[in-house]
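For clarity, every value in this text was computed on a predicted model and none was experimentally measured.
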Amino acid sequence: EQLPGKSVVMAGNPGDYVTMKEPLNITTNRMTMSGWIKRDGPQVNTAGIFFMRSSSAVALNFYDSENLSIHWNDTQWWWNSGLTVPDGEWAHVAMTVAPNQVILYLNGVPSVRNFTVDAVNFDGPISLGRDPGRNSRQFKGEMDEVLIYDRTLSQDEIRELMHLTRTPAE
């Protein structure tokens with residue numbers, strides 16, 4: 001049973017992650033992923049927060065030890081958003097995807113990456129806390145209230161998510 005206030009703790013080891021049982025099986029360039037994370041120290045470069053790797057790679061991950069970044073259709077992994085995730089504190093992170101841009105949010109503050117965002121086939125499961133293609137790219141910290149939407153949420157909607165505690169009925 002999933003209850004509010006119960007986070008997943010990941011120590012950065014190869015077995016510390018959560019994987020969705022089934023792929024989303026959609027092809028899209030309009031979506032949102034969000035959740036709460038609590039970083040435990042420096043992170044490995046490209047440590048996965050949300051990561052799908054199958055016929056393509058899509059992720060919200062770390063650029064270096066503390067800054068958020070993305071993978072989209074096996075590109076953009078070199079981009080540093082400039083959003084520094086605080087160490088040892090809960091932070092709300094989100095990635096909104098639209099045909100012309102990906103926006104990362106850290107506690108409601110956006111960082112925009114403009115590029116042609118090709119539609120991606122989500123034909124592999126999404127892993128939380130790791131890059132499924134690299135055992136070394138593990139997130140170290142806690143994660144809670146992960147959500148995936150089949151549309152691009154607005155900045156106001158992202159900020160509303162930060163003030164909502166979900167119950168099992170939602």
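For the pair Ala57 and Arg53, the tightest heavy-atom approach, listed with the atom from each and the gap, is CB-NH1, 4.0 Å. Shown here for Ile158 and Ala94, the closest heavy-atom pair between the two residues is CD1-CB, 3.7 Å. Closest non-hydrogen pair, Leu161 versus Ser34, comes out as CD1-OG, 3.5 Å. Heavy atoms only, all atoms of each residue included: Met31 and Trp72 are closest at SD-CH2, 4.1 Å. Heavy-atom minimum distance, Val120 versus Val58: CG1-CG2, 3.6 Å. Nearest heavy-atom pair, Asn107 versus Ala91, reported as atom, atom and distance to 0.1 Å: OD1-CA, 3.4 Å.
No donor-acceptor distance shorter than 3.5 angstrom exists from the side chain of Asn121 to the backbone of Thr27, with no hydrogens or angles considered. Proximity of a side-chain donor or acceptor of Arg159 to a complementary backbone N or O of Gly108 within less than 3.5 Å is detected. Not one N or O on the side chain of Asn114 forms a donor-acceptor pair closer than 3.5 Å with the backbone of Gln101. A donor-acceptor pair under 3.5 Å is absent between the side-chain atoms of Ser111 and the main chain of Gly82, judged by distance alone.
Atom CD1 of Ile126 and atom CD of Glu22 lie 12.5 Å apart (nearest 0.5 Å). Rounded to the nearest 0.5 Å, atoms CG (Asp150) and CZ (Phe122) are 11.5 Å apart. Rounding to the nearest 0.5 Å gives a distance of 12.0 Å between CD of Glu145 and CE of Met162. With rounding to the nearest 0.5 angstrom, the CG atom of Leu83 is 7.5 Å from the CG atom of Asn67. Between Asp118 atom CG and Ser56 atom OG the span is 9.0 Å, to the nearest 0.5 Å. One distance of note links CZ of Arg137 with CD of Gln43; it measures 13.5 Å at 0.5 Å rounding.
Side-chain atoms of Val102 and Gln76, non-hydrogen and from C-beta on, never get closer than 4.5 Å to each other. When side chains are defined from C-beta on, Glu157 counts as touching Arg151, because their heavy atoms get closer than 4.5 Å. Contact annotation: the side chain of Ile103 never approaches that of Gln155 to less than 4.5 Å [non-hydrogen atoms, C-beta and beyond]. Side-chain contact check for Tyr105 versus Val93: every heavy-atom pair is 4.5 Å or farther apart. For the pair Pro99 and Arg30, the minimum side-chain heavy-atom distance is below 4.5 Å. Between Trp79 and Leu104 there is a side-chain heavy-atom pair separated by less than 4.5 Å. Using a 4.5 Å heavy-atom cutoff, the side chains of Asp144 and Glu142 are not in contact. Taking the side chain as every heavy atom from C-beta outward, Met33 and Leu60 never approach each other to under 4.5 Å.
Inspection of the Asn61 and Thr46 side chains reveals no N or O donor paired with an N or O acceptor under 3.5 Å. Side-chain contact, Asp123 with Ser55: a donor N or O sits under 3.5 Å from an acceptor N or O.
Hydrophobic clustering (side-chain heavy atoms under 4.5 Å, transitive across Ile, Leu, Val, Met, Phe, Trp, Tyr) keeps Val85 apart from Val44. Note on Trp77 and Met95: separate hydrophobic clusters, where clusters join Ile, Leu, Val, Met, Phe, Trp and Tyr whose side-chain heavy atoms are under 4.5 Å apart, directly or indirectly. Each of Met20 and Phe51 belongs to its own hydrophobic cluster when Ile, Leu, Val, Met, Phe, Trp and Tyr are linked at side-chain heavy-atom distances under 4.5 angstrom.
Taking the six-membered ring where the residue is Trp, Phe139 and Phe62 present parallel rings, their angle staying beneath 30° rather than reaching 60°.
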